[in-house]
Visitor: 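Here it is, the structure, as structure tokens.
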There are 2 protein chains.
Amino acid sequence: MKLSSKSRYAVMALADIASFNKNKPVSLRDISLRQNISLVFLEQIFSKLKKNNIVKSIRGTNGGYVLSNDPNQIKLSSIFLAVDEKVKQVQCKKESKKGCNGKSSKCITHYLWDELELYINDFFNKKNLGDLLKKNLETRTET
Amino acid sequence: MKLSSKSRYAVMALADIASFNKNKPVSLRDISLRQNISLVFLEQIFSKLKKNNIVKSIRGTNGGYVLSNDPNQIKLSSIFLAVDEKVKQVQCKKESKKGCNGKSSKCITHYLWDELELYINDFFNKKNLGDLLKKNLETRTET
DNA sequence: CTAATCTTGACTATTTTTGTCGGGTATATA
DNA sequence: TATATACCCGACAAAAATAGTCAAGATTAG
Ligand code: FES
Ligand code: FES
């Protein structure tokens, strides 16, 4: 049970931008080098982040990406929504009366998975990019 | 981000045994029919559950499986351990000083994923089969 | 004996993940 | 205006993980 690389990279890259944020656009090339992520893969990811208005792009020489909002406003859940990371533990359609096994009622584990799903989503709703930067700074200086 | 079918089936099947627990062994065939899970796949899963002492097997006619412990003693985390479900969010070796990206220090997202990992494992450590049965009963009768 | 049941290891099909490739288009700056 | 630097986009492909199947056997109640 883990996050996809796509999602991890998305958060990594955004955190990179946020920490280098001198109001100048950050190029994917730089992120790629600093974070060791394939440039072309990053392009894919940022296409989605842009469509979902998490970042703004500036084209041309000295271009790159900037965050659309303050890091404290960017929740993990928004990022994951943008890159199609879904926390899906329940295997049935929630609205339907039917269960995941094709039976006419919910399976015995349904409510457990539902609870787990809420539990995890809660984490992603509470955490934002700002928290990440702060935490990171704390832990690093604490050495 | 989701659990594997193997893990879901394991919990489902164990819950099935627990709720039919009249001290009689429950055959995989019955579970397969009731829960709509491939019999052969269940065999694979139960092989692991047995090795990890979650269930005991009784061979021969009228054989089947019984739980090794009281449902309240069987934590989700034990079940997942048995079927190799791993909650792995951090992508580096935790003990090492090195990061997931081959760099010499931990990446900027490391502490976030570490926190998430603990958070999720906490859920699995707190929940047991008994909780599941109780919850399920409540929710169903509440209609 | 024989039918029901567990036991085991190898094998395979499908899906998902993790990217690459090859072509664009826009723009700052010399 | 030329050029290099960047973003933009859709199709494709390798690799890994998942979700099983298949075949052959061992054990035991009745
Ligand atoms: S997960 Fe919803 S019915 Fe099984
Ligand atoms: S996850 Fe540990 S260093 Fe990146």
Side-chain angles (χ1 to χ4, degrees), chain A residues 1-10 12-13 17 20 24-33 35-68 80 82-89 91 100-101, chain B residues 1-13 17 24-33 35-68 80 82-89 91 100-101:
Chain A
M1 191 190 190
K2 59 176 187 178
L3 288 168
S4 66
S5 294
K6 197 175 271 185
S7 305
R8 283 191 303 112
Y9 291 167
M12 249 194 215
I17 294 183
F20 275 77
K24 281 194 180 176
V26 179
S27 76
L28 293 189
R29 170 157 251 281
D30 287 353
I31 299 178
S32 164
L33 290 173
Q35 307 299 334
N36 238 31
I37 303 171
S38 148
L39 172 61
V40 198
F41 200 15
L42 274 177
E43 286 180 340
Q44 261 190 48
I45 295 169
F46 272 75
S47 155
K48 297 191 177 193
L49 292 175
K50 192 195 167 188
K51 270 180 198 146
N52 285 265
N53 205 37
I54 309 245
V55 293
K56 286 195 179 71
S57 70
I58 291 122
R59 300 176 75 156
T61 311
N62 294 326
Y65 289 93
V66 291
L67 300 181
S68 298
F80 289 160
V83 297
D84 307 312
E85 174 79 48
K86 289 186 263 289
V87 177
K88 181 162 169 53
Q89 305 301 339
Q91 296 300 315
C100 56
N101 43 12
Chain B
M1 190 191 192
K2 57 176 187 177
L3 288 167
S4 66
S5 294
K6 197 175 269 185
S7 304
R8 283 192 302 111
Y9 291 168
V11 177
M12 248 195 215
I17 294 184
K24 281 194 181 176
V26 179
S27 76
L28 293 188
R29 168 158 241 283
D30 287 354
I31 299 177
S32 165
L33 291 172
Q35 307 298 334
N36 237 32
I37 303 172
S38 147
L39 172 61
V40 198
F41 201 15
L42 275 178
E43 287 177 341
Q44 262 191 47
I45 296 169
F46 272 76
S47 156
K48 298 192 175 191
L49 292 176
K50 192 196 166 187
K51 271 179 198 145
N52 284 266
N53 205 36
I54 309 244
V55 292
K56 286 195 179 71
S57 70
I58 291 122
R59 299 175 75 155
T61 311
N62 294 326
Y65 289 93
V66 292
L67 301 179
S68 297
F80 289 159
V83 297
D84 307 312
E85 175 79 47
K86 289 188 262 290
V87 176
K88 179 163 171 50
Q89 305 300 339
Q91 294 302 314
C100 56
N101 44 12

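Remember, it's a predicted structure, so these values are computed and weren't measured experimentally. Chain naming here is simple, since letters A, B, ... match the order of the sequence lines and numbering starts at 1 in each.
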Visitor: Measure across A/Ser27 and A/Gly63 and return the closest heavy-atom pair with its distance rounded to 0.1 Å.
Guide: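 Closest approach of A/Ser27 to A/Gly63: CB-O, 4.0 Å.
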Visitor: In B/S/- notation, 5' to 3', how is nucleotides 5-14 of chain C contacted by protein heavy atoms closer than 4.0 Å?
Guide: BBBB-B----
Visitor: Please report the shortest heavy-atom distance between A/Arg8 and A/Leu3, naming the atom on each side.
Guide: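 Between these two residues, the closest heavy atoms are CG-CB, 4.2 Å.
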Visitor: Measure CG/A/Asp84 against C1'/C/dT18 and give the value in whole Å, please.
Guide: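 Going from A/Asp84 (CG) to C/dT18 (C1'), I get 15 Å.
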Visitor: 5' to 3' on DNA chain D, which nucleotides open and close the contacts with chain B (atom under 4.0 Å from a heavy atom)?
Guide: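 In short, chain B contacts DNA chain D from D/dA19 to D/dG30.
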Visitor: Check A/Asn101 against B/Gln35 and note the closest heavy-atom contact, atom names and distance.
Guide: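 Nearest pair, atom of A/Asn101 first, then B/Gln35: CB-O, 3.7 Å.
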Visitor: Report the distance from atom CG of A/Leu33 to atom CG of A/Leu28, rounding to the nearest 0.5 Å.
Guide: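 The CG atom of A/Leu28 is 11.0 Å from CG of A/Leu33, to the nearest 0.5 Å.
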Visitor: Which heavy atom of A/Ser32 sits nearest a heavy atom of A/Ile37, and at what distance?
Guide: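 It is OG-O, 2.8 Å.
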Visitor: Just how far is it from atom CD of A/Glu85 to atom NZ of A/Lys6, taken to the nearest 0.5 Å?
Guide: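 Output value for this atom pair is 10.0 Å.
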Visitor: For B/Met1 and C/dT17, what is the distance between atoms CE and C1' respectively, to the nearest whole Å?
Guide: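 Distance check: B/Met1 CE to C/dT17 C1' gives 16 Å.
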Visitor: Determine the minimum heavy-atom distance between A/Met1 and B/Gln89, stating which atoms define it.
Guide: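 Heavy-atom minimum between the residues: O-NE2, 3.2 Å.
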Visitor: Report all side-chain donor-acceptor pairs from residues 40-55 of chain B shorter than 3.5 Å, counting only partners two or more places apart or in another chain.
Guide:
from    : atom 1 : to      : atom 2 : distance (Å)
B/Lys48 : NZ     : B/Asp84 : OD2    : 2.6
B/Lys50 : NZ     : B/Ser57 : OG     : 3.3
B/Asn52 : ND2    : B/Lys48 : O      : 3.0

